[in-house]
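One structure is given below, encoded as structure tokens.
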Amino acid sequence: MLATEKPRHDHRWLVAAGLIPILLCLMFTLLLAGQMVKRQLAVTSSMLISQAENISDRARVMTTALQSYKNRRCADIKDELQELGSVHPYFRSVGLIQDDSVVCSSTFGERRDSVETILGRPLPPARQDLWSLSVAGTSRVNNRPAVLFMHQGRDGFASYALVDGQYLIDFIWAAGIRHDYDISMKFGDGFAMFSGVPATRQMENKWGNYTLNTHSDRYAINLNVTSARSELLYNWRQVLFSLMPMALILSLLFVVLTSNWLKRKSSFRDEIRRGIARNEFSVYYQPIFNLETQKFNGAEALLRWQRPDGHWIRPDVFIAAAESEGMIVPLTRHLLQRVIRDSAGWQLDPGFRVSVNLAADHLQHDGFLTDIRAFAAGMDRFKHKITLELTERSLINEDRMVSRRLAELRREGVNIAIDDFGTGHCALSYLQTFPLDYLKIDRGFVNTIESVDGETPVLDAIIALADKLGLKVVAEGVENEMQLRYLQNRGVSFIQGYYFARPMESAALSGWLQKHNDNGPQTSP
């Protein structure tokens, strides 16, 4: 079953790696196509607004000029009005109004009609200065829209220019036909002039339809431009054809890189498994000196890996790989079994303490308590005690569960220590959460000691904190007498480092400890 699950799992990784660049390309090009549609809408809207403002400017000039005909008889000016209405482009009619009735026009001369009758709708309630209104038609031309521009004062007199809406409709149609836009334009709160048929897309608002609503800053002109879905798809296709070859190349590259990563991952996992089976892992022990008893009464067990070709794999490399590949629990179990096997050949005083490092994954594993109890039982036959070191760099998620497990083990005689204190992200929370006996100071803080009588604020604070909490302190990485004296003066009881000894194999440990405990501690050469 396991032999078939692994390739299938790897196959999914390869498929995902190949699809990611393609899916990202599809999403990116779709967004880019949408931006292109929006930019095109903005360009079209700007052009239409500009043209509408141009016509409005002409109407403003005309209505302003007509103000000079105020209080003149229509019979005297109607010929001039006809000339103005016919010579200037865009205008269907121009004329004069008194009290909302046309008193003279370029089209009908002195014929009087109310403006509402001509437009076929009520006039806006508030009117003064220049205002405009688009209408569906007029009394004489009821099948073609128009735009009324009126220059009105407070005495009831007004001049007007009626622009034929066909000019605007033709321009709207020309601007929208290329991209199949739905466009509507209206002046004031009047009739919306459309490009051809009513702009149904503006009401639908479906996926792929982009709508841009704009207005003029100078006149009461409102414009709506809505793109068709086909415009988005067209732009998407153009961009996609440009970028898809690159996406395919990236997809192939991702597949190759993922395949290599899976091979390395599988290889490292399998190599660790084979290394355990072939006994390629060994345990080295670094003695710990007790300043109070002046004896070496403990050692830290350190796992080492030497390949069959003689090459040594660095501990930080294979331990990190074991954690990431899910092999840290089997590897730790192998370490515990090797320590039990090694301790059978030691000739040491009862109570000698062995420290082993534990990863967060093992602490949270269902078999953790069983593993540690079996290890403690194996060591108890030789009257050796054990200390479990929690690596402070690794985050323990199930804090309460782990705390209960550690409390059980402490009641059974197992000691708990925090390793590499102060170098991770959860030091203080660990002190508050877990039951502890020892605090191990990382070598990085010991290296900051510059003289016996000097001060190292962080190191001193850690030592003081441990003293407040009633924890025993183990200093790692001690390499010279000056560091030793500094720590001794501050009440540190346990020393570990090259000053006394480098890690050694099990076969050498018993004789080395007997020699140095009988003759007194000697420094490492």
Side-chain angles (χ1 to χ4, degrees), residues 48 51-173 185-194 216 218-222:
L48 290 172
Q51 178 64 12
E53 287 179 341
N54 179 52
I55 293 177
S56 299
D57 288 338
R58 292 174 177 268
R60 184 184 188 93
V61 171
M62 176 61 73
T63 56
T64 301
L66 292 175
Q67 289 289 308
S68 63
Y69 292 96
K70 181 179 181 181
N71 298 324
R72 294 181 62 182
R73 296 173 57 248
C74 184
D76 298 333
I77 63 173
K78 63 181 181 179
D79 292 338
E80 296 180 36
L81 294 184
Q82 287 179 347
E83 182 178 355
L84 290 174
S86 59
V87 170
H88 292 83
Y90 304 122
F91 301 120
R92 181 183 298 179
S93 173
V94 298
L96 306 177
I97 297 173
Q98 184 65 51
D99 298 328
D100 293 340
S101 293
V102 177
V103 295
C104 192
S105 71
S106 62
T107 304
F108 303 110
E110 297 184 47
R111 177 179 171 179
R112 289 176 174 260
D113 286 311
S114 68
V115 179
E116 292 187 358
T117 301
I118 295 174
L119 300 180
R121 58 154 290 167
L123 295 177
R127 308 186 304 276
Q128 64 180 44
D129 297 330
L130 179 68
W131 58 272
S132 57
L133 181 71
S134 52
V135 293
T138 57
S139 58
R140 293 288 181 174
V141 189
N142 56 15
N143 61 344
R144 202 163 65 231
V147 182
L148 175 67
F149 292 88
M150 187 177 293
H151 194 147
Q152 185 166 358
R154 296 182 179 180
D155 57 357
F157 176 79
S159 56
Y160 77 90
L162 191 64
V163 173
D164 197 313
Q166 192 63 45
Y167 292 106
L168 290 167
I169 292 175
D170 290 344
F171 197 73
I172 289 172
W173 180 86
M185 178 187 293
K186 68 177 181 178
F187 290 72
D189 61 348
F191 173 77
M193 293 175 287
F194 298 99
S216 169
R218 298 167 52 207
Y219 298 101
I221 305 171
N222 291 288

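- For Arg58, the salt bridge (charged side-chain N to carboxylate O under 4.0 Å, His left out) test picks out no residue, with sequence neighbours left out.
- Not counting sequence neighbours, the partners of Asp57 by the salt bridge (charged side-chain N to carboxylate O under 4.0 Å, His left out) test are Arg218.
- Closest non-hydrogen pair, Leu84 versus Tyr69, comes out as CD1-OH, 4.1 Å.
- Using a distance-only test at 3.5 Å, with no hydrogens or angles considered, a donor-acceptor pair links the side chain of Ser106 to the main chain of Val94.
- When all heavy atoms are compared, the tightest approach of Ile97 to Val115 is CD1-CG2, 3.5 Å.
- Across Ala158 and Gln67, no two heavy atoms sit closer than the pair C-NE2, 4.2 Å.
- Here the side chains of Gln51 and Met185 are not in contact, with every heavy-atom distance at 4.5 Å or above.
- For Cys74 against Glu110, the heavy-atom pair with the smallest separation is SG-CG, 3.3 Å.
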Assess the residue pair Trp131 and Leu123 against the criterion (side chain to side chain contact (heavy atoms under 4.5 Å, CB included)); give the C-alpha distance rounded to whole Å, side-chain angles, the decisive distance to 0.1 Å, and a yes or no. CA-CA 11 Å; Trp131 58 272; Leu123 295 177; 4.0 Å; yes
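- The distance from atom CG of Leu168 to atom OG of Ser134, rounded to the nearest 0.5 Å, is 9.5 Å.
- The salt bridge (charged side-chain N to carboxylate O under 4.0 Å, His left out) search around Arg112 returns none, not counting sequence neighbours.
- Taking CG from Leu96 and OG from Ser101, the interatomic distance works out to 13.0 Å, rounded to the nearest 0.5 Å.
- Taking 4.5 Å as the limit, every side-chain heavy atom of Arg92 sits out of range of all side-chain heavy atoms of Leu148.
- For the salt bridge (charged side-chain N to carboxylate O under 4.0 Å, His left out) test, residues two or more places apart in sequence or in another chain that qualify with Arg144 are Asp164.
- Side chains of Asp100 and Glu116 form no contact here, defined as non-hydrogen atoms less than 4.5 Å apart.
- In this structure Phe91 satisfies the ring pair (Phe, Tyr, Trp, His ring centres under 6.0 Å) test with no other residue, sequence neighbours excluded.
- Legend: ring-ring contact (aromatic ring centres under 6.0 Å, His included) pairs involving residues 137-167, not counting sequence neighbours, sorted by first then second residue: Tyr90-Tyr167, Phe149-Phe187.
- Between Gly188 and Asn222, the closest heavy-atom pair is O-ND2, 3.9 Å.
- For the atom pair CD1 of Ile221 and NZ of Lys186, the computed distance is 13.0 Å after rounding to the nearest 0.5 Å.
- Counting non-hydrogen atoms of other residues, nucleotides and ligands closer than 6.0 Å to CD of Glu83 gives a total of 12 or fewer.
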Give the intermediate values and the outcome of salt bridge (charged side-chain N to carboxylate O under 4.0 Å, His left out) for residues Asp113 and Arg140. CA-CA 12 Å; Asp113 286 311; Arg140 293 288 181 174; over 6 Å; no
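- For the atom pair NZ of Lys78 and CZ of Arg72, the computed distance is 14.0 Å after rounding to the nearest 0.5 Å.
- Distance CZ/Arg60 to CD/Glu53: 12.0 Å, rounded to 0.5 Å.
- A distance of 7.0 Å separates CG in Leu162 from CG in Leu119, rounded to the nearest 0.5 Å.
- Of all the heavy atoms in Thr117 and Ser139, the pair that sits closest is O-CB, 3.8 Å.
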